[in-house]
Amino acid sequence: MNPRSLGASASLLLITAGTLAEEKPNYSVDATHSRVEINVYKEGVFKAFGHDHVIAAKEVSGRVQFDAEKIEQSTVSLKIPTKSITVIDPGESEKDRHDVQATMEGEKVLDVAKFPEITFVSSGVSAVKKMPGGWELTLSGKLSLHGVGKPVSFPLRVHADAKELRGEGEVAILQTDYGITPVKVGGGSVKVKDRLKITFNIVAAKNH
């Protein structure tokens with residue numbers, strides 16, 4: 001190999017090594033160990049005769065780019081198939097759960113036939129604070145639901161070790177912001193509140 005070729009090869013190796021060193025560790029979401037729950041609350045004159053709902057996303061996928069030295073540059077993308085969103089409602093009859101599930105999947109709420117996915121793509125990380133075993137921070141991004149994308153921001157607790165990354169938090173959204181009219185029955189004497197609370201514990205395994 002002539003000196004010019006040798007020099008070019010050495011330069012390429014140095015550039016490649018530098019690029020690899022700058023890459024943030026990549027993680028894939030572990031659907032088996034991740035949890036996403038949606039709390040739906042009732043209101044109205046006869047709300048005591050209705051009941052609140054607990055709903056879980058059975059499938060969640062996504063990727064995380066995370067660097068403990070440059071947390072502000074971290075990124076997250078998540079995807080939930082709307083078909084995987086399931087009514088849990090402990091203590092209720094199977095018939096009641098089936099009825100609520102059918103309403104939730106139908107055109108008046110999620111409309112799963114038309115909108116098969118819910119996605120979240122981060123746009124920024126801020127207010128990072130180190131704490132024992134991890135960090136507290138604020139994660140911002142776009143939540144796309146029912147064909148509508150809206151910016152959201154929420155506090156997040158992050159824990160990381162050599163093999164996995166874990167993010168825990170909650171966020172509140174309004175159904176009407178996403179073009180969904182809260183369900184009501186009995187002429188509105190019992191209805192679902194516009195505000196939903198989403199709690200989550202996302203676990204992501206480090207790729208090798």
Side-chain angles (χ1 to χ4, degrees), residues 21-41 53-86 88 109-110 115-180 193-208:
E22 292 175 1
E23 285 184 351
K24 296 178 284 292
N26 194 31
Y27 297 78
S28 295
V29 172
D30 180 348
T32 302
H33 296 99
S34 296
R35 176 184 59 81
V36 178
E37 286 189 355
I38 305 164
N39 293 98
V40 183
Y41 303 102
H53 300 301
V54 179
I55 297 165
K58 296 292 188 178
E59 297 176 29
V60 56
S61 61
R63 298 173 71 85
V64 181
Q65 293 281 359
F66 177 81
D67 185 346
E69 301 300 321
K70 301 176 181 178
I71 295 179
E72 290 83 357
Q73 297 179 18
S74 300
T75 62
V76 181
S77 61
L78 299 173
K79 180 168 62 177
I80 296 173
T82 50
K83 264 289 189 182
S84 77
I85 299 177
T86 306
I88 305 299
V109 187
L110 291 177
F115 306 111
E117 292 178 348
I118 297 171
T119 62
F120 172 80
V121 178
S122 68
S123 59
V125 175
S126 60
V128 178
K129 180 182 178 182
K130 189 74 174 73
M131 65 176 197
W135 300 264
E136 292 180 344
L137 53 88
T138 297
L139 184 64
S140 302
K142 183 172 77 170
L143 177 65
S144 297
L145 164 66
H146 200 250
V148 178
K150 290 282 186 179
V152 293
S153 293
F154 48 89
L156 187 68
R157 297 179 301 279
V158 177
H159 305 271
D161 59 31
K163 294 183 178 180
E164 71 175 27
L165 187 69
R166 184 183 300 271
E168 304 171 77
E170 65 178 53
V171 59
I173 64 170
L174 298 179
Q175 296 182 73
T176 50
D177 282 348
Y178 296 87
I180 300 173
K193 285 186 176 181
D194 192 8
R195 184 178 181 272
L196 306 178
K197 184 176 76 171
I198 303 170
T199 60
F200 55 87
N201 185 339
I202 301 297
V203 178
K206 192 172 183 178
N207 295 332
H208 298 288

Inset, instruction - Run the numbers on Val128 and Glu72 for side-chain contact (heavy atoms from CB on, under 4.5 Å), then give the verdict. - result: CA-CA 8 Å; Val128 178; Glu72 290 83 357; 3.8 Å; yes
Inset, instruction - Would you please test Asn26 and Gln65 for side-chain hydrogen bond (donor to acceptor under 3.5 Å, both in side chains) and show each step? - result: CA-CA 5 Å; Asn26 194 31; Gln65 293 281 359; 3.2 Å; yes
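- Of the residues listed (Ile202, Leu139, Leu137, Ile71), the one engaging Val158 in a side-chain contact (heavy atoms from CB on, under 4.5 Å) is Leu137, and it is the only one.
- In this structure, the side chains of Val29 and Leu78 come closer than 4.5 Å at one or more pairs of heavy atoms.
- For residues 132-147, every residue pair satisfying the side-chain hydrogen bond (donor to acceptor under 3.5 Å, both in side chains) rule, not counting sequence neighbours, is listed here: Ser140-Ser153.
- Remark: side-chain polar atoms of Thr176 are not paired, donor with acceptor, to backbone N or O of Leu174 under 3.5 angstrom.
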Inset, instruction - Evaluate the criterion side-chain contact (heavy atoms from CB on, under 4.5 Å) for residue pair Val36 and Ile198; output intermediate values, then yes/no. - result: CA-CA 7 Å; Val36 178; Ile198 303 170; 4.0 Å; yes
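- The side-chain contact (heavy atoms from CB on, under 4.5 Å) test with Asn39 is passed by exactly one of Lys197, Glu170, His53, Lys193: Lys197.
- Side-chain contact check for Ile85 versus Leu110: some heavy-atom pair is nearer than 4.5 Å.
- Summarising the geometry, atom CZ belonging to Arg35 is positioned 8.0 Å from atom CD belonging to Glu168; distances are rounded to the nearest 0.5 Å.
- Not counting sequence neighbours, the partners of Phe154 by the ring-ring contact (aromatic ring centres under 6.0 Å, His included) test are Phe120, Phe200.
- Of all heavy-atom pairs between Asp194 and Gln175, the closest is OD1-N, 2.8 Å.
- Applying the 6.0 Å contact sphere to NZ of Lys58 captures no more than 12 heavy atoms from other residues, nucleotides or ligands.
- Tyr27 is not listed as a side-chain neighbour of Asn207, based on a closest heavy-atom distance of 4.5 Å or more.
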Legend entry - salt bridge (charged side-chain N to carboxylate O under 4.0 Å, His left out) evaluation trace for Glu164 with Arg166: CA-CA 7 Å; Glu164 71 175 27; Arg166 184 183 300 271; 3.2 Å; yes
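- Counting heavy atoms from C-beta on, the side chains of Met131 and Lys129 never come closer than 4.5 Å.
- Contact annotation: the side chain of Leu145 never approaches that of Phe115 to less than 4.5 Å [non-hydrogen atoms, C-beta and beyond].
- A search for side-chain contact (heavy atoms from CB on, under 4.5 Å) contacts involving Asp30 returns Thr32, His33, Val203, not counting sequence neighbours.
- The shortest distance between side-chain heavy atoms of Lys79 and Arg63 does not fall below 4.5 Å.
- Put simply, CD1 on Ile80 and CD on Glu117 are 10.5 Å apart, with the number rounded to the nearest 0.5 Å.
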Inset, instruction - Give the C-alpha distance, both sets of side-chain angles, the deciding distance and a yes or no for side-chain contact (heavy atoms from CB on, under 4.5 Å) between Ile173 and Leu143. - result: CA-CA 10 Å; Ile173 64 170; Leu143 177 65; 4.1 Å; yes
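- A distance of 9.0 Å separates CZ in Arg157 from CG in Asn201, rounded to the nearest 0.5 Å.
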Legend entry - Stepwise side-chain contact (heavy atoms from CB on, under 4.5 Å) check, Thr199 with Ile38: CA-CA 6 Å; Thr199 60; Ile38 305 164; over 6 Å; no
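- Here the closest non-hydrogen pair linking Arg195 and Ala172 is NH2-CB, 3.3 Å.
- Nearest approach of His159 to Gly133, heavy atoms of both residues: ND1-O, 3.2 Å.
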